Amino acid sequence: MTHKWAQRGFTLLELIVAVGIFAIMSAMAFAGLTSVLTTTGSSDVQQARLAQVQLAVSRLERDLEQVVNRPVSGPFGDVQPALTGTAAGVEFTRAGRPNPLALERSNLQRVLLEVKEDRLLRTAWPVVDRPPGAEPPDPRELLDLIDEAGVRFLDNGNEWTTAWPPTTATGEFVQGIPKAVEIRLVLRDWGEVRRLIVLAGGG
């Protein structure tokens, strides 16, 4: 014998309620999935930015740790100090230039690190002494989103200066390289990054 309730189907009201519950649960599940995907995407962006900052700072440190006291000849025959710098950038001669092919060339390199607009740029010349008419190579971008930048130099008297080389009381430039260089970068998204690099041949 078949009961009447076993033959009974769903009413319209029950269907509406079931569809409503399913819609609510689907919306909650979609919101949760969207949140997970957004968080994952944001984490990937932050990781990529962290890697960029770490690589740029590491590049700065490697360059400045290799500074040597070697003046160079400019494109007009003028002699330029081994290291020159202002608050916006620093140009110097460094050793340790990679030579994986064992070519007959110097291991020295002339490098310029400067901030233009909101980007940290690195220019490396193929030769230390530049011949007349030599065009500078294209700079390589190390870091972007820079709001502020500054460079300080520690002289032989343990005094900080924002320009190098400093001048003597007679107006002559001080020879040699500083004892240390301090780099300060204020990033739009990460705040302040500060590094103090001791120069091996300074002082």
Side-chain angles (χ1 to χ4, degrees), residues 27-70 82-101 107-126 128 135-155 158-164 177-203:
M28 293 175 62
F30 179 77
L33 178 61
T34 302
S35 177
V36 170
L37 293 176
T38 301
T39 302
T40 302
S42 176
S43 177
D44 291 342
V45 171
Q46 292 296 326
Q47 289 293 332
R49 177 61 171 172
L50 176 60
Q52 182 191 33
V53 173
Q54 290 177 331
L55 183 61
V57 171
S58 177
R59 174 82 271 183
L60 286 174
E61 293 176 339
R62 287 201 306 270
D63 278 338
L64 290 169
E65 287 170 353
Q66 297 284 343
V67 169
V68 294
N69 188 9
R70 200 303 198 161
L83 185 147
T84 61
T86 64
V90 56
E91 181 178 333
F92 51 90
T93 307
R94 60 154 291 178
R97 181 185 180 187
N99 189 9
L101 300 179
N107 71 331
L108 300 180
Q109 189 176 37
R110 192 71 173 179
V111 174
L112 170 64
L113 299 170
E114 61 180 341
V115 173
K116 282 190 174 180
E117 297 178 350
D118 66 343
R119 301 183 303 154
L120 173 63
L121 304 177
R122 180 182 187 270
T123 304
W125 280 265
V128 177
E135 294 292 332
D138 293 332
R140 173 189 172 191
E141 179 179 314
L142 298 181
L143 196 60
D144 59 357
L145 301 179
I146 299 174
D147 284 339
E148 296 180 31
V151 185
R152 295 197 305 170
F153 309 93
L154 187 65
D155 63 19
N158 293 326
E159 297 290 337
W160 288 103
T161 178
T162 57
W164 192 272
I177 59 178
K179 298 172 69 174
V181 177
E182 183 187 67
I183 304 290
R184 175 179 172 270
L185 301 173
V186 179
L187 307 182
R188 196 168 305 157
D189 50 354
W190 284 69
E192 183 178 88
V193 176
R194 191 186 296 263
R195 286 293 183 272
L196 177 65
I197 301 99
V198 177
L199 306 189

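Just so you know, these numbers come straight off a predicted model, no measurement behind them.
- A pairwise comparison of heavy atoms in Leu154 and Asn158 identifies CD1-C, 3.4 Å as the closest pair.
- The distance from atom CD of Glu135 to atom CH2 of Trp125, rounded to the nearest 0.5 Å, is 11.5 Å.
- Inter-residue side-chain proximity for Glu148 and Arg184 is flagged as met; some heavy-atom pair is nearer than 4.5 Å.
- Looking at every heavy atom in both residues, Pro126 comes nearest to Pro137 through CD-CG, 4.4 Å.
- Under the 4.5 Å side-chain criterion, counting only non-hydrogen atoms from C-beta, Leu121 is not in contact with Leu113.
- Looking at Arg110, its side chain does come within 3.5 Å of a backbone N or O of Ala82 through a donor-acceptor pair.
- Side-chain atoms of Gln46 and Trp190, non-hydrogen and from C-beta on, do get closer than 4.5 Å to each other.
- We find that Glu192 and Arg194 are joined by a salt bridge, their nearest charged nitrogen and carboxylate oxygen being less than 4.0 Å apart.
- Counted within 6.0 Å of CZ on Arg188, heavy atoms from surrounding residues, nucleotides or ligands total more than 12; the atom is thus considered enclosed.
- With Arg122 as reference, Asp63 is the one residue of Asp63, Leu112, Leu143 to meet the side chain to side chain contact (heavy atoms under 4.5 Å, CB included) rule.
- Heavy-atom minimum distance, Trp164 versus Leu83: CD1-O, 3.2 Å.
- With a 4.5 Å cut-off on side-chain heavy atoms, Val181 and Val67 do not count as touching.
- Under the 3.5 Å distance criterion, with hydrogens and angles disregarded, a donor-acceptor pair is assigned to the side chains of Gln52 and Arg49.
- Between Pro178 and the choices Val90, Ile197, Leu199, Asp155, the side chain to side chain contact (heavy atoms under 4.5 Å, CB included) rule is met once, by Leu199.
- Here the CZ-CG distance, from Arg119 to Leu142, works out to 10.5 Å after rounding to the nearest 0.5 Å.
- Going from atom CG of Asp147 over to atom CG of Leu187 covers 8.0 Å, rounded to the nearest 0.5 Å.
- Distance CD/Glu91 to OG1/Thr86: 10.5 Å, rounded to 0.5 Å.
- Taking CD of Gln66 as the start and CD of Gln109 as the end, the distance is 10.5 Å to the nearest 0.5 Å.
- In this structure the side chain of Thr93 reaches within 4.5 angstrom of the side chain of Val68, judged on heavy atoms.
- The structure places CD1 of Ile146 at 10.5 Å from CG of Asp189, a figure rounded to the nearest 0.5 Å.
- When side chains are defined from C-beta on, Leu60 does not count as touching Arg195, because their heavy atoms never get closer than 4.5 Å.
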